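Here the structure is a predicted model, which is why all the values come from computation and not from measurement. These values consider heavy atoms only, across backbone and side chains, with no hydrogens, waters or symmetry-generated copies.
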Amino acid sequence: MSAAVSPEQPSTPDSAQYQNNPYRNSNGTYATISESETASSSTTSTSGSAMTTINSNHSSSIFKSSSGRSSSYQLHQQHLRSAYGASEEMLETEKASLVERVNDLERIVLEQKDEIVCLKSTLADVLRRLSTLDNSYDSGKSTLENSSSHNSSVMSSKSFRFSRNTITRLNSSVDEKRFGRVPSRVTSSPSRSAMSSSSSHGTAKASSLAQKAIHHSNGSLHSDSMSSHSISPAPSPSPRQPNLQNLSASVVGSIGVNGGGGGTNGVTGMGKRWSSTGDFVSGSPGTPVSSASGNSISRFSTKSLLNLNSSLGGHNGTGKGGSHAFVQKKEDDDYLKLYISGRPVVLHIPEAQISSYETTKVQPAPNKRLRLDWVYGYRGKDCRSNLHQLPTGEMVYFVAAVVILYNMDEQSQRHYVGHTDDVKSLAVHPNKLLVATGQCGGHDGHDTLPHIRVWNSVSLATLNVIGMGDFTGAINCLSFSRADSGTILAAIDDSPDKIISIWDWQKKENGRRITETKCSVDTIVAVEFHPLDKGQIITIGKNHIAFWSLDQNGMLYKRMGVFENREKPKYVTAITFTPAGDIVTGDSSGNIAIWSRGTNVISRFLKKIHEGSIFSICSLRNGGFVSGGKDGRLVLLDESMRMKAEQLVEPHFGAVRVVAQGKGSQLLIGTTKNCILSGDFTLGLVPMVLGHTDILWSLASHPQVAQFVTGGRDRLLQLWDSLSHSVVWSKDIGEPIQSVQFSNSGDTIIVSGVGGRWMVFDTVTRELLAVYQDGQDVIQTIKFSPDGNLLALGSKDSCVYIYQCTKAAHRFSKIGKCTGHSSFISHIDWSKDSTVLRTNSGDYELLYWNPTLCRQITTHGTVRNLEWATQSCTVSFETVGIWPENFDGTDINSVCKDGEEQFLVTADDTGKIRLFSYPASQPKSLSHAYRGHSSHVTSVKFMHDGVRLLSAGGMDTSVLQWRVV
């Protein structure tokens, strides 16, 4: 008996006989036994041999037939599998090709958008420049007319007007269709004739004094024309005219001029303009200030001008005496008492003014103003993502309360000055024209609350002020949406709950908040919108990365990033995106992680790209990346994250804080030591902006050339050139610097350190020439006598040390010390004849000294009529008018006068610079107030030409250079 075994069950119709076969094997095969073979073996055994032969032949034929069918089936199955595999491969190839084509299209669209944005920005910049040239002609023409009519040259004022029509065309062409509306600028105000129609009661003396005030303050607080280098934002909201119904017509006219709320500028078809950078205000950035106390217009009109009106109307004006709440003078006295913190300070009136001096008179503000000319410094120490390249060729960054637009090729700056306190964050709109900046909160009224300002980088006009009063902490992160053309804005409020809020920034005057929620209890480092997926937001920070989804109903949903079996970093510190939409992050351990688009898991992980934290990752236009970190290294990576090159930043510049792409292949690098570098991996890096990193206390201007020196708690002594706006040299002296001073020749610099040490450095070589020691306390102030023979040093130990200068510039011979003050020496002035010294102390004393004898002068007739070479003392007869009512004696930190004795400038704890007429001997003298610093202003100094002014910003570490215009 033989059996034929089929290797597998056929699927053809011929195999039906196998379906019900009872001899199916356990492995699925079949044993086939013919019926004839079974019958023959059961009926006979004698004919076995013949039957066996027949059955064997029969079985062999069946087996061959079955084997042929199985082979054909197997071949057919192989062909089917091969065809199916080829089809699957073709589909996968088509799918990959389609995805690649879609990515290419997305990239092309983004590139075309960038090109369109660049063209729009370039057009806007061209319009701005044409408008500047056009209006400079009008400005020059009107200046010549004024010069001929007044017989005086005012051609030194080279400010230009920015055309309103240009702004309108620019905003309508670029912003109106995309953003729905264009905020209007202030174009008109109540006319002077309308003001003069009010009641005209008052004496002839009142009218005369008012006209005098008008003459000395012609125009608003802000300059009528606008600088090509420095254009202030349009006010938002518009300034309002104060209620002046109870004032005389002449006084109202004076308010209209000095207050800046009314009056026309005399240019046909042009409305009132707010001047450039310099015209900061205590209230809204568009609100002029012209008061002795530096308050807003409402406070100005209800204090100083009401006092003026009362004096003009006969109140307290009948006699030569009179008094203010903090200044008192009896009619027959030859002195007055200035009360500082409740303590009276006796100030003797010069003999020539005794008969005519009245405390009720109001001294007008000067007829010239300050314009911000240059800003030195950058805030990279504690801020991120605050350095960007704009299509107009300018890089935008911030320090203190100023946002700077710096054109490296033209060596020019423009300034956005709408903020009232420290700027902490910056974001550029996808159209590259608009900028959003967020600030922290101050302590000087509603306008210093944390808020966001959206403004135009070409016109510097403010488009919206967002969240005034809605934030409790500083705005430390900002991001515009990118997949929907920047219609919404995300902000992180650095409050204890770290609130994330989403804003429709174009809605209403204050923006519309779509939603907000608690983000994290830990520090948030950055917030970014996904460039391709609408409504997708990523936040990074301490111990986390979070993926947020914003739905159509304004609800936020959060997914935390999953690190799986990888070590969770202490901080996720940097974020960027690939062209395909994957997310690239850097962490505090120096690792780079890639998160696939649409997921919250890591698809690729690169270890130890840097030693320490990665502070920034920049996506390049060619698809590569540049990372920078705490180790001071810049690492160039290709699209596949393979390292191609690296560059080391010199240690004295600090670690890499921000990496941004500049023009072409150039990189912009912001560092933790407040420097900005420019360069590439081939030619290296060059410093473009340098600054201090700690409290800036000391400032001195060169007596003969356009240079100045600064020193701070960061131990850096830096010599600057005010014409090239660059650092001549920088030196770490090894200890904090309290005060600096040039010698009269400018050959040496005197620097005071800690513990009574003071040093002499060569101005050219920066070599340390000599070291001296006086007492154990720090030297607070240093002054050379006008004739250059004596040197006075005021110490914290309440003594003034007097030295004789020798022929060797670095050699000094000690004469002695002046003792008598009960507190530290704060300020020193020399008389013009170098025979008398006057000093202020921390408890507001004013004492006079004979420097050669080191004795106090107590006979006031000797010093009453002296003329002073400098005006550094904040408490003196010449500075009575700088003190506001209800003040603290520590509010004003520094004062100075120009060489021609026309102006007096003060620096105070609220971050303001004030410009007075010199001397400011009348209580509550009127002034022009300017913002720019966000911290207490520690020092102000005129330069040798008397046209430029320098101010040092204390904790904001900035130096602002102003110009008198």
Side-chain angles (χ1 to χ4, degrees), residues 382-386 424-425 427 438 471-482 488-502 515-531 533 535-551 555-578 581-610 612-619 625 627-630 657-658:
D382 57 354
C383 293
R384 302 166 184 264
S385 302
N386 62 349
K424 295 296 293 291
S425 55
F471 299 107
T472 58
I475 315 301
N476 65 348
C477 301
L478 284 173
S479 179
F480 280 104
S481 58
R482 298 164 66 179
I488 57 178
L489 180 68
I492 301 294
D493 179 354
D494 194 23
S495 60
D497 291 330
K498 304 297 187 295
I499 302 297
I500 179 173
S501 56
I502 310 299
T515 186
E516 68 173 14
T517 187
K518 293 181 180 180
C519 187
S520 172
V521 296
D522 295 318
T523 303
I524 304 297
V525 171
V527 59
E528 291 288 346
F529 276 91
H530 197 283
D533 298 336
Q536 300 300 306
I537 307 168
I538 300 95
T539 59
I540 59 174
K542 186 176 181 180
N543 293 320
H544 83 282
I545 175 172
F547 300 84
W548 303 79
S549 296
L550 179 67
D551 65 13
M555 296 295 293
L556 276 173
Y557 301 93
K558 177 181 177 182
R559 291 183 303 160
M560 297 301 295
V562 179
F563 290 89
E564 296 176 328
N565 58 346
R566 299 178 181 88
E567 181 182 357
K568 191 174 184 180
K570 185 175 181 180
Y571 280 90
V572 180
T573 52
I575 183 172
T576 189
F577 300 90
T578 68
D582 293 339
I583 302 160
V584 181
T585 61
D587 63 35
S588 55
S589 299
N591 307 319
I592 290 180
I594 302 175
W595 309 72
S596 296
R597 178 178 176 181
T599 70
N600 63 335
V601 295
I602 297 174
S603 61
R604 190 177 176 190
F605 195 76
L606 293 85
K607 289 186 176 182
K608 296 299 180 183
I609 301 298
H610 288 266
S613 297
I614 299 176
F615 289 142
S616 181
I617 304 176
C618 175
S619 297
F625 302 90
S627 62
K630 189 176 181 179
R657 176 66 77 186
V658 182

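Contact check for Glu564 versus Ile602: no side-chain heavy atoms found under the 4.5 Å cut-off. The shortest side-chain heavy-atom distance between Ser627 and Phe615 does not fall under the 4.5 Å cut-off. Tyr571 places none of its side-chain heavy atoms less than 4.5 Å from the side chain of Ser589. At a threshold of 4.5 Å between non-hydrogen side-chain atoms, the residues Leu489 and Ile502 do not count as touching. A 4.5 Å side-chain heavy-atom check between Cys383 and Lys424 finds at least one atom pair inside the cut-off. Within the 4.5 Å cutoff, no side-chain heavy atoms of Leu606 are placed close to those of Asn591. Looking at heavy atoms from C-beta onward, Val521 lies out of side-chain contact with Asp497 at the 4.5 angstrom threshold. The closest side-chain heavy-atom distance from Thr517 to Ile500 is below 4.5 Å.
Under the 6.0 Å distance and 45° angle rule, Arg482 does not count as a cation-pi partner of Phe529.
No more than 12 heavy atoms of other residues, nucleotides or ligands sit less than 6.0 Å from atom NZ of Lys630.
Here Phe577 and Trp595 keep their ring centres 6.0 angstrom or further from each other.
Contact detail for Ile492 and Cys519: the closest heavy-atom pair is CD1-SG, 4.4 Å. Here the closest non-hydrogen pair linking Ser596 and Ser603 is OG-CB, 3.1 Å. The shortest non-hydrogen separation linking Cys477 to Val525 is SG-O, 3.3 Å.
A side-chain contact (heavy atoms from CB on, under 4.5 Å) with Val572 holds for exactly one of Ile614, Ile538, Ile540; it is Ile540. Among Ile575, Thr585, Thr573, Thr576, the one residue that satisfies the side-chain contact (heavy atoms from CB on, under 4.5 Å) test with Ile617 is Thr576.
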Please output the side-chain donor-acceptor pairs of residues 541-551 that fall under 3.5 Å, not counting sequence neighbours, one pair per line with the distance.
residue, atom, partner, partner atom, Å
His544, ND1, Lys542, O, 3.0
Trp548, NE1, Thr539, OG1, 3.0
Ser549, OG, Gln536, OE1, 3.2
Ser549, OG, Gln536, NE2, 3.4
Asp551, OD1, Asn553, N, 3.0
Asp551, OD1, Gly554, N, 3.0
Asp551, OD1, Met555, N, 2.7
Asp551, OD2, Tyr557, OH, 3.3

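For Asp533 and Arg597, the salt-bridge test passes: some basic side-chain N is under 4.0 Å from an acidic carboxylate O.
The side-chain contact (heavy atoms from CB on, under 4.5 Å) test applied to Ser425 returns Ile475, Leu478, not counting sequence neighbours.
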